[in-house]
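In what follows, every heavy atom counts, from backbone to side chain, and hydrogens, waters and symmetry copies are set aside. Just so we're on the same page: letters track the sequence lines, and every chain starts at 1.
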2 protein chains.
Amino acid sequence: MPEFSSQPPTSVTLSGHGKTEDRAKIFAALSDPTRLQIVEMLVTQTEMSGSDIANQLGISLSLFCHHSKTLAEAGVLQIRREGQTKYHSLNLALLAECFASFKIG
Amino acid sequence: MPEFSSQPPTSVTLSGHGKTEDRAKIFAALSDPTRLQIVEMLVTQTEMSGSDIANQLGISLSLFCHHSKTLAEAGVLQIRREGQTKYHSLNLALLAECFASFKIG
DNA sequence: ATTTTAGTTAAACAGTTGTTTAACTATTCT
DNA sequence: AGAATAGTTAAACAACTGTTTAACTAAAAT
């Protein structure tokens with residue numbers, strides 16, 4: 001099945017329309033063990049560079065970059081640039097909003 | 001990459017070890033739009049037969065069965081049998097536990 | 001100026017996934 | 001018994017995914 005949509009997240013919330021597909025995309029971003037490890041690191045370390053994440057995880061920077069794209073496209077990852085270094089942090093508000101749909105109904 | 005593990009969930013919680021891979025599997029179960037719709041239906045309708053879910057979603061029973069296997073294997077779906085009918089409900093405790101890892105750290 | 005460091009990008013490959021179709025079992029209804 | 005209902009299973013197929021490797025850009029350090 002063809003995939004059309006892959007715009008980077010301009011608005012960082014999914015409330016309002018709160019589409020099922022957007023939520024599915026967030027869950028898909030969390031569905032890979034390597035990516036979930038990245039996210040779990042950022043829960044405790046709050047902000048990290050790509051190299052630090054790759055080193056601490058024992059993966060190549062190339063592989064991290066690949067995965068970070070998926071996380072960023074889902075809106076899970078926020079990126080701040082400083083010189084040649086990019087600092088990554090979680091969009092906790094989006095995650096909270098995504099998970100909130102399951103509390104009661 | 002080969003996949004070895006696919007045991008049905010004997011113990012329904014993931015606390016104790018609470019492995020990243022188990023959580024990744026739960027997120028993978030929620031990562032498909034069709035499966036997420038199934039789950040979202042069960043948030044409000046609490047318990048439904050496979051046929052009812054398939055009908056309400058406009059998918060074949062065969063496709064539902066396929067997806068329900070993925071959800072059940074992740075531990076997300078609980079199944080109760082009554083005659084020829086199978087009633088499906090969510091394992092909300094597991095979902096809550098899975099999402100809890102993101103609150104603070 | 002040249003060498004690290006930090007990050008991106010693309011090709012290639014095996015493995016997996018979602019969907020359709022069709023054949024099948026077991027239970028319920030008439 | 002025969003037909004309908006509820007569910008499972010397997011094959012087939014295209015599309016997608018995760019990983020490795022290698023070539024690349026841009027900023028920082030020497």
Side-chain angles (χ1 to χ4, degrees), chain A residues 1-6 8 20-21 23-39 41-42 47-74 76-89, chain B residues 1-6 8 20-21 23-39 41-42 47-74 76-89:
Chain A
M1 206 151 267
E3 261 293 327
F4 289 29
S5 55
S6 59
T20 300
E21 290 220 342
R23 244 172 305 174
K25 203 171 181 178
I26 293 170
F27 287 128
L30 303 171
S31 73
D32 175 74
T34 305
R35 278 195 303 266
L36 190 51
Q37 274 179 281
I38 294 170
V39 169
M41 281 181 80
L42 288 169
E47 202 182 44
M48 298 180 78
S49 76
S51 300
D52 281 354
I53 294 173
N55 280 338
Q56 248 180 83
L57 235 66
I59 61 172
S60 71
L61 187 54
S62 168
L63 184 54
F64 165 76
C65 187
H66 176 75
H67 281 309
S68 76
K69 222 184 287 181
T70 305
L71 287 165
E73 221 158 61
V76 172
L77 222 57
Q78 283 166 333
I79 298 161
R80 177 177 69 86
R81 195 184 156 162
E82 202 169 294
Q84 73 184 139
T85 308
K86 281 186 172 176
Y87 292 98
H88 306 262
S89 62
Chain B
M1 204 150 270
E3 261 291 328
F4 289 28
S5 54
S6 60
T20 300
E21 290 221 343
R23 244 172 304 174
K25 203 171 182 179
I26 293 170
F27 288 128
L30 303 172
S31 73
D32 174 73
T34 305
R35 280 196 300 269
L36 190 52
Q37 276 179 279
I38 293 169
V39 170
M41 280 182 80
L42 287 169
E47 201 181 45
M48 297 179 79
S49 75
S51 301
D52 280 354
I53 294 173
N55 281 338
Q56 250 181 80
L57 235 66
I59 62 172
S60 70
L61 187 55
S62 168
L63 184 54
F64 165 76
C65 187
H66 177 74
H67 282 309
S68 75
K69 224 184 284 183
T70 305
L71 288 165
E73 221 156 61
V76 171
L77 222 56
Q78 282 167 332
I79 299 163
R80 177 178 70 85
R81 192 184 157 165
E82 201 171 293
Q84 73 184 138
T85 308
K86 282 186 172 176
Y87 292 98
H88 307 262
S89 63

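Taking atom CD1 of B/Ile79 as the reference point, atom P of D/dA6 lies 17 Å away to the nearest angstrom. Atom CD1 in A/Ile38 sits roughly 11 Å away from atom P in D/dG18 (whole-Å rounding). Atom-to-atom, NZ of B/Lys25 to P of C/dT17 comes out at 10 Å; the value is rounded to the nearest Å.
In terms of phosphate contacts, B/Ser51 brings a side-chain nitrogen or oxygen within less than 4.0 Å of OP1 or OP2 of D/dG7. The shortest distance between the side-chain N/O atoms of B/Arg35 and the OP1/OP2 oxygens of C/dT17 is not below 4.0 Å. Close to D/dG7, at under 4.0 Å from its OP1 or OP2, lies no side-chain N or O of B/Lys69.
Atoms CG and CD1, from A/Leu30 and A/Ile38 in turn, are 11.0 Å apart once rounded to the nearest 0.5 Å. Atoms OG1 and CG, on B/Thr70 and B/Asp32 in that order, are 8.5 Å from each other to the nearest 0.5 Å. Annotation: the span from B/His66 atom NE2 to B/Arg35 atom CZ amounts to 7.0 Å, rounded to 0.5 Å. Distance CG/A/Leu36 to CG/A/Leu71: 9.5 Å, rounded to 0.5 Å.
Listed here is the closest heavy atom pair of A/Ala28 and A/Ser31: O-OG, 2.7 Å. Taking each heavy atom of A/Ile79 and A/Ala72 in turn, the nearest pair found is CD1-CB, 4.2 Å.
Checked against D/dG7, D/dT19, D/dT9, the side chain of A/Asp32 finds its nearest nucleotide in D/dT19.
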Check your understanding: When you check every protein heavy atom under 4.0 Å of nucleotides 24-30 of chain D, what one-letter string (B, S, -) results, 5' to 3'?
Key -> --BBS--
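Scanning residues 52-67 of chain A for heavy-atom distances under 4.0 Å to DNA chain C yields A/Leu61, A/Ser62, A/Cys65.
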For residues 47-64 of chain A, which side-chain N or O atoms pair as donor and acceptor with protein atoms under 3.5 Å away, sequence neighbours left out?
unit_1	atom_1	unit_2	atom_2	d
A/Glu47	OE1	A/Arg80	NH2	2.9
A/Glu47	OE2	A/Arg80	NE	2.8
A/Glu47	OE2	A/Arg80	NH2	3.4
A/Ser49	OG	A/Asp52	N	3.2
A/Asn55	ND2	A/Ser51	O	3.4
A/Gln56	OE1	A/Gln45	NE2	2.8
A/Ser60	OG	A/Leu63	N	3.0

